[in-house]
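Order of listing sets the numbers, starting from 1, for every ligand and every atom in it. Atoms considered below: every heavy atom in the structure, side chains included; atoms not considered: hydrogens, waters and symmetry mates.
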Amino acid sequence: MPDRTPYVAANWKMHKTVAEAAEFVDALLPRIAATQSDVAICPPFTALSAVVERRYGTAVKVAAQNMHEEASGAFTGEVSAAMLAELDVEAVVLGHSERRQLFGETDEALARKVPAALAAGLEPILCVGETEEARDGGQTEAVLERQLQAGLAGVEGGKLGDVVIAYEPIWAIGTGRTATPEQAQEVCAYIRDLLRERGAAADAVRILYGGSVKPDNATELMGQPDIDGALVGGASLDVGDFAAIVKAAG
Ligand code: 13P
């Protein structure tokens, strides 16, 4: 099995002004200088450039939180993959449950967004996850299969290893209710099985867990065999907490 470099990403959602983002990055970099893991920061669009500029010369990647699938056009309020790549942004979070639930993000759009991101040289971080209702109804695997099939439909087998998957059970996001390491591992192993059906690169794909990851549960979650890192929301807003989670990844 190929070694997978641990990966910890900070999803700031709609938090931090440019000034706050800059202050955070300046405080974070010295604290994580020794990490062997991949680290990404996902600021709001307005703070992307400030974070990009401050992290030059470090291994920290910068990711946007969304993008449009078209290269350009009459899509008021949207941003394309090329516009992000021009800023030296390296990655993009796609299909976050908040986008799916609050802003009408569809599997059909994601089927086009993921290949569009790859074509522009951006690493897609494709988010999948079930609602509490789906879990209680025994539908977790069916939901994940549908989301992954759609999100990866346009990805050639050879490109699969460039995609990162984030498993974020919706009932664990921002609730303080973390999936147990066993629950998270079980689903991430299932996701890897689904990826194996799509190509040999499945063992190289990083699968992150997201949902109330904190410094005190990060080690155990990321210690599971199929969990390669974390997509961190609330705890990523605090530089001490986020640095502690990066440290837990190794
Ligand atoms: P919390 O860590 O705040 O639960 O958010 C998780 C998340 O949605 C990361 O994308």
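- K13 counts as a contact of ligand 1, since one of its heavy atoms falls under 4.0 Å from the ligand.
- A donor-acceptor distance shorter than 3.5 angstrom exists from the side chain of R206 to the backbone of T5, with no hydrogens or angles considered.
- At the shortest separation from atom 2 (O) of ligand 1 among protein heavy atoms lies G233 N, 2.9 Å.
- Within ligand 1, counting atoms from 1 as listed, the ones closer than 4.0 Å to a heavy atom of S212 are 1 (P), 2 (O), 4 (O).
- The pair R55-E90 meets the salt-bridge criterion, since a charged nitrogen lies less than 4.0 angstrom from a carboxylate oxygen.
- Within the listing of ligand 1, atoms 9 (C), 10 (O) sit less than 4.0 angstrom from a heavy atom of L231.
- For the residue pair E168/H96, the side-chain donor-acceptor check at 3.5 Å is satisfied.
- Remark: ligand 1 atoms within the under-4.0 Å shell around heavy atoms of G234 are 1 (P), 2 (O), 3 (O).
- Look at A235 and you'll find every heavy atom at least 4.0 Å from all atoms of ligand 1.
- Counting heavy atoms under 4.0 Å from ligand 1, residue I173 touches it through both backbone and side chain.
- The E168 neighbourhood of ligand 1 comprises atoms 6 (C), 7 (C), 8 (O), 9 (C), 10 (O), with distances under 4.0 Å to a heavy atom of that residue.
- In this structure, the side chain of K61 does not engage the main chain of D38 through any donor-acceptor pair within 3.5 Å.
- Distances shorter than 4.0 angstrom occur between a heavy atom of A172 and an atom of ligand 1.
- Of all the atoms in ligand 1, the ones that sit under 4.0 Å from a non-hydrogen atom of G174 are 1 (P), 3 (O), 4 (O).
- Each of the following atoms of ligand 1 lies closer than 4.0 Å to a heavy atom of G211: 4 (O), 6 (C).
- Looking only at distances, no side-chain donor or acceptor of E220 sits under 3.5 Å from a matching main-chain atom of N217.
- Taking 4.0 Å as the cut-off between side-chain N and carboxylate O, E23 and K16 do not count as a salt-bridged pair.
- R99 meets the salt bridge (charged side-chain N to carboxylate O under 4.0 Å, His left out) test with no other residue; sequence neighbours excluded.
- Taking distance alone, with nitrogen or oxygen atoms compared against 3.5 Å, H96 approaches ligand 1 more closely than that limit.
- Checked by atom type and distance alone, the side chain of Q65 pairs as donor or acceptor with a backbone atom of K13 at under 3.5 Å.
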